[in-house]
Amino acid sequence: MPELAEVEYYRKLWTPGLGDTVTGVRLHPKAAVFRGVDPAQIKRQLTGATLLSSEAAAKQMLFRLAAADTAPLWLGIHLGMTGELSAQPTGYEPKKADHLVLDQARRTLVFSDFRMFGRVQFATGDKPPAWWTQIAPAILSPAFTVGAVAAFLQRRTRTAIKPVLLMQERFPGIGNWMADEILWSAGIHPRRPAGSLTPAEIKILHRETRRVCREAIKYVGRELHGLPQSWLFHHRWEDGGKCPKTGVPLVREEIGGRTTCWSPGRQKL
DNA sequence: TCCTATGTTGTATG
DNA sequence: ACATACAACATAGG
């Protein structure tokens, strides 16, 4: 389920383990979540290391660890479509989809992802690796300006605005439900060509993008399903779901290869 | 059996 | 070179 807001939620579930040593590592060496990395190396280097800090950016998380006689260790996790983190009691028996399990004296930290679209990254070095630093500037940072959004839309004149909002290089952390939520609250039809938005609409889109991110982090950070009922989120999948603002039945169609939900009347072509 | 799924990426095509 | 469209990845559940 993880988009920016849920990623932040899951990141914090490992917070109890900060400051503690990893006494053992259990992993599935052949799991697809380890594509591009060496699971044996991860197991070797993380064992005995101390988990120091974590941060989230876009749909990814970065965990910093320290070990004797080596440069800092960087563990990256992308939750893909079905990834989750959890902290389990000592003695936890890993389940089938628990691909990376870090044992500590007082708990066990687990990354599981049954569909395995997520991934584990790993690096050592004094500075965070490129796969982390290359993530686009956050939507809630000063770099996310109306001008930057306008310029990005201009280069995608004919593309529907919906898939444009899913492009991580400009909208890091936005996923399918957040994109629909943004367009719904901005009153913009998801099929509108990106280049057809007026300056006024771009301004609203920019404002609502930031607002949805800020509020989603606030509500979801508290509890995973903590969004208010007034959000589209709670109605978008139910058959016969109605727009929380107008009471009119919602519409669902595929746009840009993803199921898209909107409220006709509020969002016109 | 068939369809869907809160994501990314490689490849083909324009 | 750039933008766009779509299959592929792997699995569970309705």
Side-chain angles (χ1 to χ4, degrees), chain A residues 1-11 28-37 56-61 76-85 95-100 111-121 131-132 134-136 139 151-185 190-196 209 212-213 215-217 219-221 223-227 231-241 250-262:
Chain A
M1 44 167 73
E3 300 178 25
L4 163 133
E6 291 100 346
V7 169
E8 186 60 17
Y9 170 85
Y10 283 117
R11 178 189 69 82
H28 284 294
K30 290 195 290 186
V33 294
F34 294 111
R35 59 196 180 276
V37 297
K59 297 175 188 171
Q60 302 185 63
M61 294 170 284
I77 294 182
H78 192 302
L79 296 172
M81 196 89 100
T82 53
E84 295 178 2
L85 297 192
K95 302 198 170 51
K96 189 177 170 194
D98 295 342
H99 303 301
L100 180 64
F111 163 52
S112 65
D113 180 13
F114 74 83
R115 235 173 129 184
M116 293 192 279
F117 288 172
R119 73 188 307 166
V120 173
Q121 310 230 55
W131 46 256
W132 181 259
Q134 282 167 5
I135 296 171
I139 287 167
F152 191 77
L153 301 195
Q154 244 75 101
R155 265 182 290 128
R156 276 120 188 132
T157 33
R158 293 167 213 269
T159 312
I161 186 64
K162 164 65 188 275
V164 170
L165 280 179
L166 296 177
M167 295 179 178
Q168 300 297 296
E169 67 262 40
R170 178 43 67 197
F171 301 97
I174 299 301
N176 204 32
W177 79 254
M178 289 185 84
D180 285 357
E181 198 77 40
I182 290 163
L183 291 171
W184 174 73
S185 62
R191 245 186 247 285
R192 288 276 304 281
S196 76
T209 300
V212 166
C213 286
E215 306 243 307
I217 289 169
Y219 289 117
V220 177
E223 97 183 86
L224 190 53
H225 301 293
L227 293 175
W231 285 44
L232 179 67
F233 180 87
H234 291 291
H235 312 271
R236 52 175 292 123
W237 296 121
E238 28 172 314
D239 281 324
L250 295 164
V251 176
R252 270 193 313 244
E253 276 175 29
E254 188 166 295
I255 301 178
R258 307 296 299 277
T259 300
T260 300
C261 178
W262 72 92

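A, B, ... follow the sequence lines: proteins, then strands. Residue 1 opens every chain.
As a whole-Å value, the separation of E3(A) CD from dA5(B) P is 13 Å. Rounded to an integer number of Å, the gap from CD1 of I174(A) to C1' of dG7(B) is 14 Å. In this entry the distance linking CH2 of W177(A) with P of dG7(B) reads 11 Å, nearest Å. The separation between E254(A) atom CD and dT4(B) atom C1' is 11 Å, rounded to whole Å. Rounded to whole angstrom, the span from the CZ atom of R170(A) across to the P atom of dT8(B) amounts to 16 Å. Between F171(A) atom CZ and dG7(B) atom P the separation is 15 Å, expressed in whole Å. R156(A) has its CZ atom 16 Å from the C1' atom of dG14(B), to the nearest Å. Protein atom CD of E253(A) is 16 Å distant from nucleotide atom C1' of dT4(B), rounded to whole Å.
Using modelled atom types, no side-chain atom of T82(A) and backbone atom of G80(A) make a donor-acceptor pair closer than 3.5 Å. Listed for the K59(A) side chain is a donor-acceptor partner under 3.5 Å among the backbone atoms of I174(A). Remark: the backbone N or O of T259(A) is not paired with any side-chain donor or acceptor of E253(A) at under 3.5 angstrom. Side-chain atoms of R252(A) come within 3.5 Å of backbone N or O of W237(A) as a donor-acceptor pair. Using modelled atom types, one side-chain atom of E3(A) and one backbone atom of M178(A) make a donor-acceptor pair closer than 3.5 Å. Formation of a donor-acceptor pair under 3.5 Å by the Q60(A) side chain with backbone atoms of W132(A) is not found in this model.
Considering only side-chain N and O atoms, H78(A) lies under 4.0 angstrom from the phosphate OP1 or OP2 of dT8(B). Here T82(A) does not reach the OP1 or OP2 of dG7(B): none of its side-chain N or O atoms lies under 4.0 Å away. The phosphate of dG7(B) has neither OP1 nor OP2 within less than 4.0 Å of any side-chain N or O from Q168(A).
R236(A) forms no cation-pi arrangement with F233(A), by the criterion of a distance under 6.0 Å to the ring centre and an angle within 45° of the ring axis.
The residue G257(A) sits apart from the nucleic acid: no heavy atom pair falls under 4.0 Å. Residue-level contact check: R35(A) touches neither bases nor backbone, having no heavy atom under 4.0 Å from any strand.
With a 6.0 Å radius and a threshold of 12 heavy atoms from other residues, nucleotides or ligands, R35(A) has its CZ atom above the threshold.
Of the residues near DNA chain B, R115(A) and R119(A), the one whose nearest nucleotide (by heavy atom distance) lies more toward the 5' end is R115(A).
With a cutoff of under 4.0 Å to any heavy atom of chain A, the contacted region of DNA chain C is bounded 5' to 3' by dA3(C) to dA12(C).
For the pair K162(A) and T260(A), the tightest heavy-atom approach, listed with the atom from each and the gap, is NZ-OG1, 2.8 Å. Pairing each heavy atom of P172(A) with each of I139(A), the nearest pair is O-CD1, 3.6 Å.
Atom P of dT11(B) sits at a distance of 15 Å from the matching atom of dA10(C), rounded to the whole Å.
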Legend entry - Nucleotide pairing, DNA chain B (Watson-Crick or G-U, distances under 3.5 Å), in dot-bracket with [ ] and |: .||||.||||||||
